[in-house]
Amino acid sequence: MIYTVTFNPSIDYIVTVKDFKLGLVNRTCEELMFPGGKGINVSMVLSNLGFENTALGFLAGFTGENVQKMLESNGVNADFIQVKEGTTRINVKIRAREESEINGMGPAIQKENIDELYAKLDKLQDGDILVLAGSIPSVMPETMYSDIMEYLKKKDIKIVVDATKDLLLNVLKYRPFFVKPNNHELGEIYGVELKTREEVVPYAKKMQQQGARNVLVSMAGEGAVLVAEDGQVYKSPSPKGKVKNSVGAGDSMVAGFIAGYLENGTYKEAFRKGLLTGSASAFSDNLATREEVETLGKGFQLDESR
């Protein structure tokens, strides 16, 4: 079974305003509403690709009830812990001449809620996959990711981590199955600016030397790089298409990589599926569907020469 954990889910309310003006009443010309959070995005895409999975995390209030319903309607097993105080946050994303975001706070997670999460993690078995993705709410320990990996270290579980800075660095010693920084996040960790796939490779290898089994680096329109544990390095531009929405593209790449690995058992095919799935989400108003990924993949081959 595949499990994802989202510590601070949301309802993402995306509005388009043709000519947004501060201090005035603005009217939308398009509105979209999705369940949000990096782990939730991974679960949604896995479900779209035909892979059963369970989403874990914390929900609260009427907004949490709506996130639960939206996930269940998409075929995701939503096994969230209900928090008593506060509500699941609403994140407002304004699409205008410039994109702006207003993110909510989220509920007040207590120690007893964290204990409930560990009780659910006890059910994971050897061979399962666990995805830890996104930020940690300020009310939770900053060491949450590494605490979970320490807790599960005696089990043969493939753990995937999509996080930034210390959240990511602190888990490397536990040898996660793969990590997925983007090129900006990777550069920030090592104090460099990384613009090309060639520039990314040595720093992805450095992260691998620190413990990650596989390092997958997303680079938006520049494509992606994979430094695999078998010694191979894969790098390729993205498929061509018109970007409609970059939100969730990196999470979709994580889901696609997992799906490709489970389908084929090779890192090359996992990398290709991840690249296709991330791009399919970027080219869509919603998260990638199986049909969109398959259509985009027709004739697409990795261009490892560039």
Side-chain angles (χ1 to χ4, degrees), residues 4 6-49 53 55 57-78 80 82-83 86-107 133-135 137 162 182 218 220-221 238 241-256 276-293 295-296:
T4 67
T6 307
F7 291 104
N8 205 4
S10 65
I11 291 177
D12 285 354
Y13 181 45
I14 304 169
V15 298
T16 302
V17 180
K18 286 185 178 179
D19 187 21
F20 181 76
K21 294 181 180 178
L22 286 172
L24 298 178
V25 174
N26 294 272
R27 300 193 182 278
T28 64
C29 58
E30 185 179 24
E31 299 179 5
L32 299 168
M33 192 176 294
F34 307 114
K38 294 180 72 64
I40 282 176
N41 289 339
V42 173
S43 276
M44 293 276 285
V45 176
L46 282 169
S47 181
N48 289 349
L49 296 176
N53 69 92
F58 305 98
L59 294 175
F62 74 100
T63 47
E65 292 174 5
N66 276 277
V67 169
Q68 179 95 11
K69 290 176 183 177
M70 286 189 281
L71 287 172
E72 290 175 348
S73 68
N74 202 69
V76 175
N77 300 317
F80 283 81
Q82 300 302 316
V83 178
T87 58
T88 293
R89 61 190 178 146
I90 298 175
N91 293 341
V92 181
K93 303 178 189 297
I94 303 170
R95 292 180 181 170
R97 282 174 294 183
E98 293 181 340
E99 288 197 3
S100 302
E101 297 187 19
I102 304 171
N103 290 349
M105 294 186 298
S135 60
D162 184 1
N182 64 37
S218 58
S238 300
K242 181 180 179 181
V243 175
K244 293 184 177 180
N245 178 27
S246 61
V247 176
D251 310 323
S252 300
M253 181 178 284
V254 170
L276 285 170
T277 308
S279 298
S281 282
F283 301 158
S284 172
D285 284 325
N286 207 330
L287 295 171
T289 65
R290 179 191 287 178
E291 293 74 20
E292 288 170 339
V293 173
T295 298
L296 192 61

* Structure fact -> Applying ring-ring contact (aromatic ring centres under 6.0 Å, His included) to Phe7 and not counting sequence neighbours gives Tyr145
* Ser252 side-chain N/O to Ala288 backbone N/O, donor-acceptor pair under 3.5 Å -> no
* Check: Thr87 side chain, Thr63 main-chain N or O, donor-acceptor pair, under 3.5 Å -> no
Please set out all donor-acceptor pairs under 3.5 angstrom arising from side-chain atoms of residues 24-34, sequence neighbours excluded.
unit_1: Asn26; atom_1: OD1; unit_2: Lys21; atom_2: N; d: 2.8
unit_1: Asn26; atom_1: ND2; unit_2: Lys21; atom_2: O; d: 2.9
unit_1: Asn26; atom_1: ND2; unit_2: Leu24; atom_2: O; d: 2.9
unit_1: Thr28; atom_1: OG1; unit_2: Glu31; atom_2: OE2; d: 2.8
unit_1: Glu31; atom_1: OE1; unit_2: Tyr13; atom_2: OH; d: 3.1
unit_1: Glu31; atom_1: OE2; unit_2: Tyr13; atom_2: OH; d: 3.3

* Structure fact -> Residues passing the side-chain contact (heavy atoms from CB on, under 4.5 Å) test with Glu72, sequence neighbours excluded, are Gln68, Ala78
* Is there a donor-acceptor pair under 3.5 Å between the side chain of Ser238 and the backbone N or O of Ala220? -> yes
* For the student: nearest non-hydrogen atoms of Leu296 and Ser279, plus distance -> CD2-CB, 3.7 Å
* Any donor-acceptor pair under 3.5 Å from Asp12 side chain to Pro35 backbone -> no
* Hey, are the side chains of Val45 and Asn41 touching, using non-hydrogen atoms and a 4.5 Å cut-off? -> no
* Asked: Ignoring hydrogens and geometry, is there a side-chain-to-backbone donor-acceptor pair from Ser73 to Met70 under 3.5 Å?
  -> yes
Please tabulate, for the side chains in residues 88-96, all donor-acceptor contacts under 3.5 angstrom to protein atoms that are two or more places apart in sequence or on a different chain.
unit_1: Thr88; atom_1: OG1; unit_2: Ala60; atom_2: N; d: 2.9
unit_1: Thr88; atom_1: OG1; unit_2: Ala60; atom_2: O; d: 3.3
unit_1: Arg89; atom_1: NE; unit_2: Asn8; atom_2: O; d: 3.0
unit_1: Arg89; atom_1: NE; unit_2: Pro9; atom_2: O; d: 3.4
unit_1: Arg89; atom_1: NH2; unit_2: Asn8; atom_2: O; d: 2.9
unit_1: Asn91; atom_1: OD1; unit_2: Gly104; atom_2: N; d: 3.0
unit_1: Asn91; atom_1: ND2; unit_2: Ser10; atom_2: OG; d: 3.3
unit_1: Lys93; atom_1: NZ; unit_2: Glu101; atom_2: OE1; d: 3.2
unit_1: Arg95; atom_1: NH2; unit_2: Asn245; atom_2: OD1; d: 3.1

* **Inter- and intrachain pairs under salt bridge (Lys or Arg N to Asp or Glu O under 4.0 Å), touching residues 284-293, at least two apart** => none
* Asked: Under the side-chain contact (heavy atoms from CB on, under 4.5 Å) test, which residues partner Ala55, sequence neighbours left out?
  -> Thr4, Ser43, Val76, Phe80
* Asked: Do you know which two heavy atoms are closest between Leu287 and Asn48, and how far apart they sit?
  -> O-ND2, 3.9 Å
* Could you give all pairs that pass the salt bridge (Lys or Arg N to Asp or Glu O under 4.0 Å) test and reach residues 242-255, with sequence neighbours left out? -> Lys38-Asp251
* To do: Measure the CG-CD1 distance between Asn66 and Ile11 for me, rounded to the nearest 0.5 Å.
  => 5.0 Å
* Structure fact -> Closest heavy-atom pair, Leu22 versus Phe20, reported as atoms and distance to 0.1 Å, is CD2-CE2, 3.8 Å
* Asked: Of all heavy-atom pairs between Val83 and Pro107, which one has the smallest distance, and what is that distance?
  -> CG1-CB, 4.0 Å
* Asked: Taking C-beta and beyond as the side chain, do Arg97 and Asp19 meet within less than 4.5 Å on heavy atoms?
  -> yes
